[in-house]
Amino acid sequence: MIISTRGKNALKLMLDLAEAKTKDKVRLKDVADRQNISEKYLEQIVSGLHKRGLVNSVRGKNGGYSLRYTPEEYTVGQIVRAVESNMNPTDCFGENSAPCPNKSTCVNYRLWGRLDDALNDVLEGITLADMLSWQQEIYTENINI
């Protein structure tokens, strides 16, 4: 399983929104400039996040996007899954896999199940607030260099 550029950029967008005050509206153009991501591409990403209820959207001249919840209430897995089409480790495992007659005797299937569990544990165990904290640590370390 590879998290695509879409998933990585969804995390960048959500971090950018989280850095703003919780209810402040942020324009995608500003995020695009700060994160060096195409505004059109961000529009596609934010659409998926909005459809899944993760961000608020206000249209118009003073419009923009904001987090719907506090950073502590978002998991990395929740954000990435909102924009990724498939998060399964292989095509023979997961909710969209084809029925496999060998599932009960296949050692590989057991391996993919454990990998899927481990991946989900990591993605669901890290919040947007954790990532904000890590980002602040990186900024602080780079300032002190």
Side-chain angles (χ1 to χ4, degrees), residues 1-98 100 103 106-145:
M1 192 237 38
I2 296 176
I3 295 176
S4 71
T5 302
R6 181 178 293 262
K8 292 185 280 187
N9 285 335
L11 285 171
K12 288 180 182 180
L13 170 63
M14 294 294 281
L15 280 167
D16 200 289
L17 296 180
E19 284 185 311
K21 294 181 182 169
T22 308
K23 298 299 178 189
D24 284 351
K25 295 178 293 285
V26 177
R27 296 180 324 150
L28 281 186
K29 180 183 182 340
D30 296 334
V31 176
D33 291 345
R34 282 190 294 272
Q35 300 298 333
N36 197 27
I37 303 169
S38 158
E39 186 176 355
K40 292 285 186 197
Y41 191 46
L42 281 177
E43 288 172 1
Q44 295 171 14
I45 292 169
V46 81
S47 174
L49 296 168
H50 186 258
K51 284 179 187 174
R52 285 162 189 79
L54 301 181
V55 296
N56 294 316
S57 169
V58 176
R59 292 183 175 255
K61 181 181 176 189
N62 295 318
Y65 294 90
S66 64
L67 296 180
R68 181 159 287 172
Y69 309 105
T70 65
E72 293 79 14
E73 295 176 276
Y74 293 94
T75 66
V76 170
Q78 179 184 30
I79 295 165
V80 173
R81 280 185 191 86
V83 298
E84 293 284 353
S85 60
N86 184 354
M87 295 282 294
N88 297 321
T90 71
D91 60 355
C92 67
F93 189 83
E95 61 189 44
N96 297 326
S97 65
C100 178
K103 184 165 49 174
C106 179
V107 69
N108 288 337
Y109 187 83
R110 186 177 288 183
L111 169 67
W112 304 138
R114 291 190 63 188
L115 180 60
D116 187 59
D117 290 344
L119 178 66
N120 285 318
D121 287 346
V122 170
L123 294 177
E124 294 306 320
I126 299 171
T127 67
L128 191 57
D130 294 328
M131 294 197 63
L132 278 171
S133 176
W134 296 348
Q135 185 168 283
Q136 187 58 45
E137 288 173 17
I138 290 169
Y139 288 156
T140 303
E141 289 169 3
N142 287 327
I143 289 172
N144 293 329
I145 292 178

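Please read these numbers as outputs of a predicted model, since none were measured by experiment.
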Q. For Thr127 and Glu72, does a side-chain donor sit closer than 3.5 Å to a side-chain acceptor?
A. no
(Q) Is the shortest side-chain heavy-atom distance between Leu123 and Ile79 below 4.5 Å? (A) no
Q.
Using side-chain heavy atoms (C-beta onward) and a distance below 4.5 Å, is Trp134 in contact with Ile126?
A. yes
Q | Asn56 side chain reached by Arg68 side chain, heavy atoms, under 4.5 Å | A | yes
Q: To the nearest 0.5 angstrom, please state how far the NZ atom of Lys8 sits from the CD1 atom of Ile37.
A: 11.0 Å
**Q.** Gap between atom CD of Glu141 and atom CD of Gln136 - 0.5 Å precision
**A.** 10.5 Å
Q | Heavy-atom side-chain proximity of Leu49 to Val83 below 4.5 angstrom | A | yes
Q. How close do Ser66 and Leu17 get, heavy atom to heavy atom, and via which atoms?
A. C-CD1, 4.3 Å
Q. Going through the checks in order, is the side-chain contact (heavy atoms from CB on, under 4.5 Å) test met by Leu11 and Ile3?
A. CA-CA 11 Å; Leu11 285 171; Ile3 295 176; over 6 Å; no
Q: State, yes or no, whether a side-chain contact exists between Met14 and Val55 at a heavy-atom distance under 4.5 Å.
A: yes
Q. Near Arg34 CZ, under 6.0 Å, is it more than 12 heavy atoms from other residues, nucleotides or ligands?
A. yes
Q) Does a side-chain N-to-carboxylate-O contact under 4.0 Å join Lys29 and Asp33? A) yes
Q: Return yes if some donor-acceptor pair links the side-chain N/O of Tyr65 with the main-chain N/O of Leu28 below 3.5 Å, else return no.
A: no
Q) Cut-off 3.5 Å, side chains only: do Arg6 and Gln44 have a donor facing an acceptor? A) yes
Q.
Tell me the closest heavy-atom pair linking Ala82 and Leu54, and the distance in Å.
A. CB-CD1, 3.8 Å
Q | Over 12 non-hydrogen atoms of neighbours within 6.0 angstrom of CZ in Arg114 | A | no
Q) Can you check whether Trp112's main-chain N or O pairs, donor with acceptor, with Asp116's side chain at less than 3.5 Å? A) no
(Q) Name the residue from Thr140, Asp130, Leu15 that meets the side-chain contact (heavy atoms from CB on, under 4.5 Å) definition with Gln135. (A) Leu15
**Q.** Side chains of Val46 and Val31 in contact at under 4.5 Å (non-hydrogen atoms)
**A.** no
Q) Is a donor on one side and an acceptor on the other found under 3.5 Å between the side chain of Glu39 and the backbone of Ala32? A) no
Q: Starting at NZ of Lys25, measure out to CZ of Arg59 and round the result to the nearest 0.5 Å.
A: 14.5 Å
Q: Taking all non-hydrogen atoms of both residues into account, name the closest pair between Tyr69 and Tyr74 and its distance.
A: N-OH, 3.0 Å
Q: Of all the heavy-atom pairs spanning Val80 and Gly7, show the shortest one and how long it is.
A: CG2-O, 4.3 Å
Q: Find out whether Gln35 and Asn9 are in side-chain contact, i.e. whether some heavy atom of one side chain is under 4.5 Å from a heavy atom of the other.
A: no
